[in-house]
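For the single chain, residues carry numbers from 1 onward in sequence order.
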Amino acid sequence: MSDAPKLSLCIPCYAMGGQGAAFLKHSLDIVAQQTLRDFEVIVADQSDDDAVAQVCDGISDLNIRHIWTRELPRQGSANTNAAIEVAQGEIVKILFQDDFLNGPDALARIAQAFDTPETKWCLTGCDHSRDGHTLIRPFRPRYHDRIQFGKNTVSSPSVLSVRRDVAPRFDENLIWLMDVDYYYQCQTRLGPPTVIEEPLVINRLHAGQVSAGVSRGLVRSELRYVWDKYRATMTWRDWWHYVGRMRKTWM
């Protein structure tokens with residue numbers, strides 16, 4: 001094994017209404033079973049207590065680096081960027097703390113996709129779960145050219161991996177659109193993704209998800225921001241798509 005790991009698993013964390021540490025423990029127990037061993041885990045922690053840090057300290061068979069990010073804006077974009085900044089692996093794999101890998105070969109399958117030099121970023125399929133065990137609603141990722149306006153056909157960033165040396169950073173002005181904006185950045189800068197259709201990630205469904213608390217006002221604000229951000233490269237078709245998305249926020 002070289003000094004730098006093959007893969008950096010970046011997990012942005014926060015208290016999540018008291019559930020964050022338990023979700024992370026469940027996820028890391030699965031990470032510890034991975035057949036791929038050449039990886040590090042970066043836990044970027046914005047919690048006000050030490051519950052997440054204690055989970056990291058209690059797992060001795062993983063290369064975990066816990067970093068405090070309390071001083072950053074309390075949102076996923078900044079926290080995920082902090083984890084990417086300290087990652088040392090050839091591949092950056094994002095995994096939100098309430099999500100988890102599906103099976104012991106998930107990281108190996110993802111790393112294998114990057115054995116092809118043409119692969120700059122990779123998306124995998126996912127399933128969903130409400131209880132951490134029963135799998136429902138299988139989802140296969142598909143990119144489309146107007147994804148930046150919020151019609152998410154990819155899923156959460158937990159299905160995403162990218163080469164560290166070309167990895168964009170999440171736009172820290174965004175909350176609701178942080179994921180789709182990132183996919184648009186990757187497509188624009190790196191070309192089409194490699195897609196693994198098998199569900200290598202499980203997205204957990206629960207009341208504390210950020211998406212559950214997004215207001216229509218925030219949606220409108222972020223749609224305007226994204227339009228202004230990419231205005232110079234947008235077409236009339238993009239404009240009508242943007243207008244259609246805005247209209248839905250007033251219904």
Check: residues 244-251 side-chain donor-acceptor pairs under 3.5 Å, at least two apart:
residue: R245; atom: NE; partner: F149; partner atom: O; Å: 3.1
residue: R245; atom: NH2; partner: G150; partner atom: O; Å: 3.1
residue: T249; atom: OG1; partner: M246; partner atom: O; Å: 2.6

Practice task
Under the ring-ring contact (aromatic ring centres under 6.0 Å, His included) rule, collect the residues that match up with F170, sequence neighbours excluded.
Solution key: Y182
Practice task
Would you name the heavy atoms of A44 and T69 that are closest together and state the gap between them?
Solution key: C-OG1, 3.8 Å
Completion exercise
Applying side-chain hydrogen bond (donor to acceptor under 3.5 Å, both in side chains) to R146 and not counting sequence neighbours gives D238
Handout entry: Short side-chain donor-acceptor distance under 3.5 Å, E85 and N81
Key = no
Problem - Identified side chain to side chain contact (heavy atoms under 4.5 Å, CB included) partner of V159 from the options S155, P157, S161 - result: S155
Handout entry: Residue of the set L107, V92, D38, V41 for which side chain to side chain contact (heavy atoms under 4.5 Å, CB included) holds with L7
Key = L107
Exercise for the section: Not counting sequence neighbours, list each pair that qualifies as a side chain to side chain donor-acceptor pair (under 3.5 Å) and has a residue in residues 53-63. Expected result: D50-Q54
Problem - Any residue meeting ring-ring contact (aromatic ring centres under 6.0 Å, His included) with F23, in chain and number order, not counting sequence neighbours - result: H206
Practice task
Would you mind reporting whether K6 and F39 have side-chain heavy atoms less than 4.5 Å apart?
Solution key: no
Exercise for the section: Establish, from distance only, whether the side-chain atoms of S77 and N79 form a donor-acceptor pair under 3.5 Å. Expected result: no
Exercise for the section: Go through the side-chain N and O atoms of N152 and D179 and say whether any donor and acceptor fall under 3.5 Å apart. Expected result: yes
Problem - Beyond-backbone contact of L72 with Q46, side-chain heavy atoms, under 4.5 angstrom - result: yes
Completion exercise
Value for SG (C10) from CZ (R65), rounded to nearest 0.5 Å, stands at 9.0 Å
Problem - Contacts of F100 that satisfy ring-ring contact (aromatic ring centres under 6.0 Å, His included) - sequence neighbours left out - result: H26
Practice task
Please examine the side chains of V31 and L101, heavy atoms only from C-beta on, and report whether any two atoms are closer than 4.5 Å.
Solution key: yes
Practice task
For T35, check side-chain hydrogen bond (donor to acceptor under 3.5 Å, both in side chains) against everything at least two apart and list the hits.
Solution key: none
Practice task
Would you indicate whether the side-chain heavy atoms of R142 and V154 approach each other to under 4.5 Å?
Solution key: no
Handout entry: Which residues share a ring-ring contact (aromatic ring centres under 6.0 Å, His included) with F114, sequence neighbours left out
Key = none
Practice task
Could you list the residues that satisfy side-chain hydrogen bond (donor to acceptor under 3.5 Å, both in side chains) with Q33, not counting sequence neighbours?
Solution key: none
Problem - Whichever hydrophobic residues join V86 through chains of side-chain contacts under 4.5 Å - result: I42, I67
Exercise for the section: Check whether any side-chain heavy atom of L205 lies under 4.5 Å from a side-chain heavy atom of S129, and answer yes or no. Expected result: no
Fill in the blank from the handout: When every non-hydrogen atom of V201 is compared with those of S158, the smallest separation belongs to CG2-O, 3.3 Å
Practice task
For residues Y230 and Y184, establish whether the separation of their ring centroids is below 6.0 Å.
Solution key: yes
Practice task
State, without any angle test, whether Y225 and N173 hold a side-chain donor-acceptor pair at a distance under 3.5 Å.
Solution key: yes
Practice task
Go through the structure and list residues passing side chain to side chain contact (heavy atoms under 4.5 Å, CB included) with S221, not counting sequence neighbours.
Solution key: none
Fill in the blank from the handout: Exactly one candidate in R163, R164, K120 meets salt bridge (charged side-chain N to carboxylate O under 4.0 Å, His left out) with E90; the answer is R163
Exercise for the section: Measure the acute angle between the ring planes of W236 and W239, then classify it against the limits of 30° and 60° as parallel, tilted or perpendicular. Expected result: perpendicular
Problem - With sequence neighbours excluded, residues passing side-chain hydrogen bond (donor to acceptor under 3.5 Å, both in side chains) with Q34 - result: none
